[in-house]
Number of protein chains: 2
Amino acid sequence: MKKITIADVAAHANVSKSTVSQFLNKRYDYMGEETKKRIETAVTELGYRPNIIARSLKQKSTKTIGVIVANILHVFSTQVIRAIEDFCHESNFHVIVCNADDDPVKEKRYIEMLRAKQVDGIIAFPTGENMELYQGLLDERYPFVFMDRLVPGIHMDAVLLDNKRASELAVDQFVKAGYKKIGMISPLIDMPVTPRLERIQGYKTALAKYNLSFQPEYLASGAFTDMQMIIQQMLSLSDPPEALLALNDRVLFEILQYAKDHHVNIPNDLAIIGIDDVSFASFYYPTLTTISQPAFKMGKKAAQLLFKQINQEDQGTAAQVYRFPPQLIDRESC
Amino acid sequence: MKKITIADVAAHANVSKSTVSQFLNKRYDYMGEETKKRIETAVTELGYRPNIIARSLKQKSTKTIGVIVANILHVFSTQVIRAIEDFCHESNFHVIVCNADDDPVKEKRYIEMLRAKQVDGIIAFPTGENMELYQGLLDERYPFVFMDRLVPGIHMDAVLLDNKRASELAVDQFVKAGYKKIGMISPLIDMPVTPRLERIQGYKTALAKYNLSFQPEYLASGAFTDMQMIIQQMLSLSDPPEALLALNDRVLFEILQYAKDHHVNIPNDLAIIGIDDVSFASFYYPTLTTISQPAFKMGKKAAQLLFKQINQEDQGTAAQVYRFPPQLIDRESC
DNA sequence: CTGAAAGCGCTTACAG
DNA sequence: CTGAAAGCGCTTACAG
């Protein structure tokens, strides 16, 4: 079955390719009724389907953007992607999803491949390790938006949670409930990923606000494979924390697993707040106090920023970092 | 900043475009060392980046596939996408993700758009409502694989869970634990979606296997907004079920929410098994017995099948349905 | 061993 | 109101 092209339609309708093209692009300013109809029937009779690749080559726009996440298995990434996809759908754009797995080499490959594919722009959770690449993008004014993470020295549009505020909300809540010995558990800080850094910073600043001195033993980080041991160590201190802030959902899982396995009563033995609202927060025993991120709003904002760049509506405006407010969801674990 | 094309590289290296193209495609059969070097330096000096769109137009392959899921927010979809993406990555393919939201109109639009974009194939969770479209795809031998769902009458390659077996595993476990009054809750069956139909069928068959008569009042389905009420009704029967099978994770959430809100003790008042392993199963109170699906294996298989079709290695072989075995994860809720 | 030429399927100034 | 022609950036038989 031979592919039907615009030439076939033109022949079948007895007009030129140009006219068919005008018709398809709804530029019928001066087109005769008769001509329109002939083309229309030719299109349906032949089952013509335009080849957008050919159009893209000419128009230099593929109506496609790339989204590079660290890992699509993370709920936050999923929500961000969904928001971006919905936004793109309205403008008839498509999105190519890539998982960089926090690997700078993969990230670089993906960015280059996406550009070779002529995507109109990219939204990425940057690894932060491809400085020259990011700077090159910026110099070229290639449409690009950072999501969730910042890269020091690279002044790119970016959408982030107000991470410090997230930790502050948690500490506020702990203090309000009467806790003074407040610990925090973080994933491994193998690279300087913004949310981790800022949430830890926010935790320290919030403690200071209440004149609570920061205890280094109350802050631990490590790989998930070691996390049970890390939690064990912290809770075995001679003077252990009475409240624990989980830096993200994955850490929260580990803490809950530990509590379950070692019969730690929440919140009596240990109060808990997790950053990231989790699916089971409202029916866990006890229900879980969490700090949620407006993932959909953030994804939408990133898409809007990218489209502004693509449509060159950002001329003259400097790159900006947009901070979104976290929200405390007050339940029973604290 | 003008785009560098293959013509620029050719001029800079003092060779023809053909030769540059040969070089880029690593066909150096007869190429002089000297020539190679000249081209190589030209490429790096100019910072040349090939335009894959142009290549695609000529070669009639975009090295891109489309994946149409019902909703990327579902964990199962996410896992399937991740597996597909990983598989594609090895072959330097990219994936465009679309959410059809169980809307046949959206599904149709997406399939047409993806084809217009010349993707090399599509994997879809079909709505089941675009019969002519599916049949047309099949007639054209367009590379296409159904995921998670079947469409009666359309003989397309498909990858599914052995859904009946999933329900059977659950009923087996309930019976083993001494339960005879076994109910099941399902989402709304507004359209004949394979997993729902088959899981319900499997539940009935498994009951029969144990000579347990099927009680219509023990099987309920409805919208999630009504689900609390539906559960309430079932548990308020004069002779209510003592064990409940949740058709999927979303239903499980609703049952757990109900149990929490109404102080129903699991498993003493009510034993529960959910199809879909959930993130918190191992640290819930009690830990949750679940039936897991091998989502990654299923995604990979779908990608393999699609690639076989794309590479035309499926000539002469009839379309097949691949069934993957569910697995019981024995915990404490039953 | 390398190059000229045609062509992939569109769009778009321009001419008439 | 419509068409001929050039061109988007590649690849690929074919000639030499």
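Every chain is numbered from 1 and lettered A, B, ... according to where its sequence line falls, protein lines coming before strand lines.
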From the list dC8(D), dT11(C), dC10(C), which nucleotide is the closest neighbour of the side chain of Leu57(A)? dC8(D)
State whether the side chain of Lys301(B) and the backbone N or O of Leu160(B) hold a donor-acceptor pair below 3.5 Å, judged by distance alone. no
Asp8(B) CG to dC10(D) C1', in whole Å, measures 13 Å
At less than 4.0 Å, is any side-chain N or O atom of Ser21(A) found next to OP1 or OP2 of dT11(C)? Yes or no. yes
Return the value, rounded to whole Å, for the distance between atom CD1 of Ile4(B) and atom P of dG9(D). 11 Å
Complementary nucleotide of dA13(C), counting Watson-Crick and G-U pairs under 3.5 Å: none
Give a yes/no on whether any side-chain N or O of Thr35(B) is located under 4.0 angstrom from OP1 or OP2 of dT2(C). yes
Grab the CG-P distance between Asn14(A) and dC1(D) for me, whole Å please. 19 Å
Please determine whether a side-chain nitrogen or oxygen atom of Lys60(B) lies at a distance below 4.0 Å from atom OP1 or OP2 of dG9(C). yes
Looking only at the side chain of Lys17(A) (C-beta and beyond, no hydrogens), which of the listed nucleotides dT12(D), dC10(C), dA4(C) gets closest? dC10(C)
Atom-pair distance (NZ on Lys117(A); P on dC10(D)), nearest Å: 15 Å
Distance check needed: dC8(C) C1' versus Arg55(A) CZ, whole Å only. 16 Å
Nearest to the Ser18(A) side chain among dT11(C), dA4(D), dC8(C), which nucleotide is it? dA4(D)
Less than 4.0 angstrom between a side-chain N/O of Thr19(A) and OP1 or OP2 of dG3(D), yes or no? yes
Counting N and O atoms only, with roles assigned by atom type, does the side chain of Asp103(A) sit under 3.5 Å from a partner on the main chain of Val105(A), one being a donor and the other an acceptor? yes
dT12(D), OP1 or OP2 - any side-chain N/O from Gln59(B) closer than 4.0 Å? yes
Over how many whole Å does the gap from Gln22(B) atom CD to dC10(D) atom P extend? 14 Å
Distance to the ring centre below 6.0 angstrom and angle to the axis at most 45 degrees; does that hold for Arg82(B) and Phe296(B)? no
note: Lys3(B), atom NZ; dC8(D), atom P; distance rounded to Å ~ 14 Å
Of all the nucleotides listed (dA5(D), dC8(C), dC10(D)), which has the minimum atom distance to the side chain of Asn51(B)? dC10(D)
Let me see the working for Met156(A) and Gln309(A) under side-chain contact (heavy atoms from CB on, under 4.5 Å), right down to the final yes or no. CA-CA 11 Å; Met156(A) 191 89 83; Gln309(A) 291 183 30; 5.8 Å; no
dA4(C) pairs with which nucleotide, Watson-Crick or G-U wobble, both distances below 3.5 Å? none
Donor on one side chain, acceptor on other, Gln118(B) and Thr62(B), under 3.5 Å: no
Would one find a side-chain N or O of Lys58(A) under 4.0 angstrom from OP1 or OP2 of dG9(D)? no
Checking dG9(C), dC10(D), dG3(D) against the side chain of Thr5(A) (C-beta onward), the nearest is dG9(C)
Please state how far atom CD1 in Ile53(B) lies from atom P in dC8(C), giving the value in whole angstrom units. 18 Å
Residue pair Thr44(B) / Thr41(B), side-chain donor-acceptor N/O under 3.5 Å: no
